[in-house]
Amino acid sequence: VAGSAAHDVYGTVAGLHDIPNAQQFNSDYKAMFGQDPGAYSAIAYACAQVIIAGIKKALDAGTTDPAAIRETVRATATAPGNSFDTIIGTTSFDKNGDTTKPVMSFYKTDLTAEGGKGGWVFVKQQAFTDPNA
């Protein structure tokens, strides 16, 4: 839309670009939804996997009250030492529900991308850690 004014524009995504088995995920996603995955598609899928694990735990324990199920999901996700095998790899969360492996992916516009229409191209991925940890 911005045409040549988009030259050298950078953007970020608060999450992984380089996911395990990305080609399979992209193929499965496109088959299911008829389009390529977006920047947050794999991350959202991973979140759903964690939520489903918490719901399953609650249901396996016989919990049927929605508030209790919600609390089991929260407690399961934020329990110290819990980790989850997801589409983006093994992930875990701190007591606040924040990821313990924060990553930022960097992109740049390329006016020659997407058959000359222009688009975002991946530049790099950087992990961030708590300097006080």
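Just so you know, these numbers use all the heavy atoms, side chains as well, and skip hydrogens, waters and symmetry mates.
Judged as a side-chain hydrogen bond (donor to acceptor under 3.5 Å, both in side chains), and not counting sequence neighbours, the contacts of Asp110 are Thr112. Shown here are the salt bridge (Lys or Arg N to Asp or Glu O under 4.0 Å) partners of Lys101, two or more places apart in sequence or in another chain: there are none. Listed by chain and number, the residues in a side-chain contact (heavy atoms from CB on, under 4.5 Å) with Ile52 amount to none (sequence neighbours excluded). Under the salt bridge (Lys or Arg N to Asp or Glu O under 4.0 Å) criterion, Asp65 pairs with no residue at all, not counting sequence neighbours. Arg74 is linked by a salt bridge (Lys or Arg N to Asp or Glu O under 4.0 Å) to Glu71, counting only residues two or more places apart in sequence or in another chain.
Screening residues 22-49 for salt bridge (charged side-chain N to carboxylate O under 4.0 Å, His left out) gives Lys30-Asp36 as the qualifying pairs, with residues at least two apart or on separate chains. Screening residues 32-66 for ring-ring contact (aromatic ring centres under 6.0 Å, His included) gives Tyr29-Phe33 as the qualifying pairs, with residues at least two apart or on separate chains. For the salt bridge (charged side-chain N to carboxylate O under 4.0 Å, His left out) condition, the pairs that include at least one residue of residues 46-59, sequence neighbours left out, are Lys56-Asp60. Applying the salt bridge (charged side-chain N to carboxylate O under 4.0 Å, His left out) test to pairs two or more places apart or on separate chains, none has a residue in residues 77-87.
Expressed to the nearest 0.5 Å, how far CG of Asn26 lies from CG of Asn21 amounts to 9.5 Å. Between Ile69 atom CD1 and Thr76 atom OG1 the span is 11.5 Å, to the nearest 0.5 Å. Atom CD1 of Ile55 sits about 10.0 Å away from atom OG1 of Thr72, to the nearest 0.5 Å. Once rounded to the nearest 0.5 Å, the distance linking OG1 of Thr99 with CG of Asp94 reads 8.5 Å.
The heavy-atom pair separating Phe25 from Pro37 by the smallest distance is CE2-CB, 3.9 Å. In this structure, Ile88 and Ala42 approach most closely via the heavy-atom pair CG2-O, 3.7 Å.
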Contacts table for residues 114-124: side-chain donor-acceptor under 3.5 angstrom, sequence neighbours left out:
none

N/O donor-acceptor pairs under 3.5 Å from side chains in residues 2-19, not counting sequence neighbours:
from: Asp8; atom 1: OD1; to: Lys108; atom 2: NZ; distance (Å): 3.0
from: His17; atom 1: ND1; to: Tyr107; atom 2: OH; distance (Å): 2.8

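Under a 4.5 Å side-chain heavy-atom cut-off, the cluster of Ile, Leu, Val, Met, Phe, Trp and Tyr residues that includes Phe93 is completed by Val50, Phe84.
Asn96 is not listed as a side-chain neighbour of Thr78, based on a closest heavy-atom distance of 4.5 Å or more.
Looking only at distances, no side-chain donor or acceptor of Ser27 sits under 3.5 Å from a matching main-chain atom of Gln24. A side-chain donor-acceptor contact under 3.5 Å links Thr63 to the backbone of Ala58.
For the 3.5 Å distance criterion, the side chains of Ser92 and Thr100 qualify, holding a donor opposite an acceptor.
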